[in-house]
Protein chains: 2
Amino acid sequence: MELKVSHLDWSLVQSFLAVAETGSLSGAAAALGQSQPTLGRHIKTLEDQLSVTLFQRHPKGLSLTDTGNSILPAAIAMRAAMTQIANTAEIDAGDLSGTVRIACSVFAAHHVLPVVLAKIREHEPAISLVLQPSDDSENLTFRDADIAVRMYRPKQLDLITRHIAEIEMGVFAAHSYIQRKGRPENLQGMFDHDVVGYDTSPLMIDAMKSMGHTIAPDAFVVRTDNQSAYWELVRAGCGIGFTQAHLGRADPHIEELDIGIDIPSLPVWLTTHDTVRRIPRVARVWDLLAREIPRALQ
Amino acid sequence: MELKVSHLDWSLVQSFLAVAETGSLSGAAAALGQSQPTLGRHIKTLEDQLSVTLFQRHPKGLSLTDTGNSILPAAIAMRAAMTQIANTAEIDAGDLSGTVRIACSVFAAHHVLPVVLAKIREHEPAISLVLQPSDDSENLTFRDADIAVRMYRPKQLDLITRHIAEIEMGVFAAHSYIQRKGRPENLQGMFDHDVVGYDTSPLMIDAMKSMGHTIAPDAFVVRTDNQSAYWELVRAGCGIGFTQAHLGRADPHIEELDIGIDIPSLPVWLTTHDTVRRIPRVARVWDLLAREIPRALQ
DNA sequence: GATCTGCTATTCATTAATGAATGGAATTAA
DNA sequence: TTAATTCCATTCATTAATGAATAGCAGATC
């Protein structure tokens, strides 16, 4: 059965795309807020309407056929257009309510954004906020987040970016650690101490190398790649650590150490899509983030 | 009520686009093969989902609001993507059955295409053919036609075109006219005769001017802009007329006149969209048109 | 003014679509 | 080998969507 475009059901393509991206009927059902039998029927109906096979069925889900792969880009284009429609409608509605989703690192989600979001909620009680922490190295996919807070300059060409602050870094240790082990006099002496580091992340090793010190990952006697947990390890007295200065200086159980090195500060950038930025509530949250984050970093 | 893109119903946009283009619920219902109340509901549901007003309601239909106009381009983009999906599926299906729609002038629909389409049907009985005659000056809208047969070179940049023939023109009169009025000796003498012409179309006047004769539209004692009816007027003996040579020479009631002028021939072009051309049944009909039309013009 | 035409809005019966529940298959872990 | 997990396919009761019919409105025509 072949149908003219005007008689094809566009919503079946939405189901196709969800199954293609999740790889299963149940995954797509969850993503669309529907049920697994419904998704199975939608795919079958679309295959019947187009007279082609779009998926191979497996016990563990579905994989795209060549034909399925051929039409995938057009399905993605339909979603982009649908997103444009939704964003345009929101801009025209001019409404300062609804949900704004903010993506940031796990560390910032623990130690920077909570007080900022409380402030935003105070100013805009009709706006709901969703915090989406992640340390994945991939860049934003704006299907899910409206605004991202990043500690590096975003490089994608179709984004709006704004540099809002610099985060000063410092060397810190807990009082409990200092009572047991004392203080290092300089960077060289620090390596006779316990230092908390990252496990697989090369960030700290690269920073040391740029200061003239080559160290191996296992020079760090305690290691984690989770940056929020990293700070808790330092606070618990596991060793000396590097973190954002505002955080260490605000903690009464922590002492800042002067080992004679000048650590480069971290930039803070906001980023979003041009069209999303024009949605009134997103614009409002953007402005408030730009104002409140620098304040929170004092 | 605002919904995430994944929870918006894409088929509502299809209804929006149909109403926007037809200007009424009943018109859109006819275009989509649905009912008027359904279209009304779909528009209301979409307005509720997006929290905007998309149309102003009038006794004679609906007009787009500014917001409605803002989202119209994205809705058109969705249809383009949906069309791409349907075409891609058809190409992959590789099926030599289904319907092919052919657009052409009213004249060609009477005197050229019928014998050609009979020949195509003979070769491909599984392919249904729809002939869409029109003398509107607008170019093809390929939502409705797969292939167009044109007597001029199509100018759109995204089309595939092919020049397949030249149509020789001639001057003709019916025996009944010649018995009453005789034959003109040359072009000058012809204007002492009854000449059948076009009413508002400047084609014939422009052709005369390019041959050095300036005449007024009312110099034609019988006039019509319908080219197929034009030929019937000549055949009935209303006067001398200009038409395609293959037609006049094939008619036993018609005599060709030699008045010493050389009328430029008409080109015949086939045209279609690149993606549509790759659909197997369209490709097949294209090839057969390219072969059979020149034969029909002998 | 009366009538016709073409449209939208609403109601109600009918049809279609949906989801909870269940069964079957394949894979993995104990 | 058995049990658990994760998936798709199917059935049946429920819900949602649809279309025929009707009413109302505005504009054009006689």
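All chains are named by letter (A, B, ...) in the order of the sequence lines, taking the proteins before the strands, and each is independently numbered beginning at 1.
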In terms of side-chain geometry, is the basic nitrogen of B:Arg278 or B:Glu90 positioned less than 4.0 Å from the acidic oxygen of its partner? no
Could you work out, with side-chain hydrogen bond (donor to acceptor under 3.5 Å, both in side chains) as the rule, every residue matching B:Arg57, not counting sequence neighbours? B:Glu47
Which residues satisfy the side-chain hydrogen bond (donor to acceptor under 3.5 Å, both in side chains) test with B:Asn87, sequence neighbours excluded? none
Here the distance between atom P of D:dC8 and atom NZ of A:Lys60, to the nearest Å, is 10 Å
How many whole angstroms separate atom CD of A:Gln56 from atom P of C:dA25? 20 Å
Those residues at least two apart in sequence (or on a different chain) that pass side-chain hydrogen bond (donor to acceptor under 3.5 Å, both in side chains) with A:Gln227 are none
Provide, to the nearest angstrom, the distance between the NE2 atom belonging to A:His58 and the P atom belonging to C:dT27. 11 Å
Under 4.0 Å protein heavy-atom contacts per nucleotide of nucleotides 16-24 of chain D, with B for base, S for backbone only and - for none: --BBBB---
Partners meeting side-chain hydrogen bond (donor to acceptor under 3.5 Å, both in side chains) with B:Asp194 (sequence neighbours left out): B:Lys181
To the nearest Å, give me how far apart CG (B:Leu39) and P (C:dT10) are. 16 Å
Value in whole Å for how far the P atom of D:dA26 lies from CZ of B:Arg57: 16 Å
Please state how far atom CZ in B:Phe55 lies from atom P in C:dA9, giving the value in whole angstrom units. 12 Å
Whole-Å distance between D:dA9 C1' and A:Leu62 CG? 11 Å
Using a 4.0 Å heavy-atom cut-off, does A:Gly61 contact any base of the nucleic acid, only the sugar-phosphate backbone, or nothing at all? sugar-phosphate
Using a cut-off of strictly less than 4.0 Å, decide whether B:Ser26 has a side-chain nitrogen or oxygen near OP1 or OP2 of C:dG6. no
Pair listing, salt bridge (charged side-chain N to carboxylate O under 4.0 Å, His left out) test, anchored in residues 30-46 of chain A, at least two apart: A:Lys44-A:Asp48
Euclidean distance, atom CD of residue A:Glu47 to atom P of D:dC8 [Å, nearest integer]: 13 Å
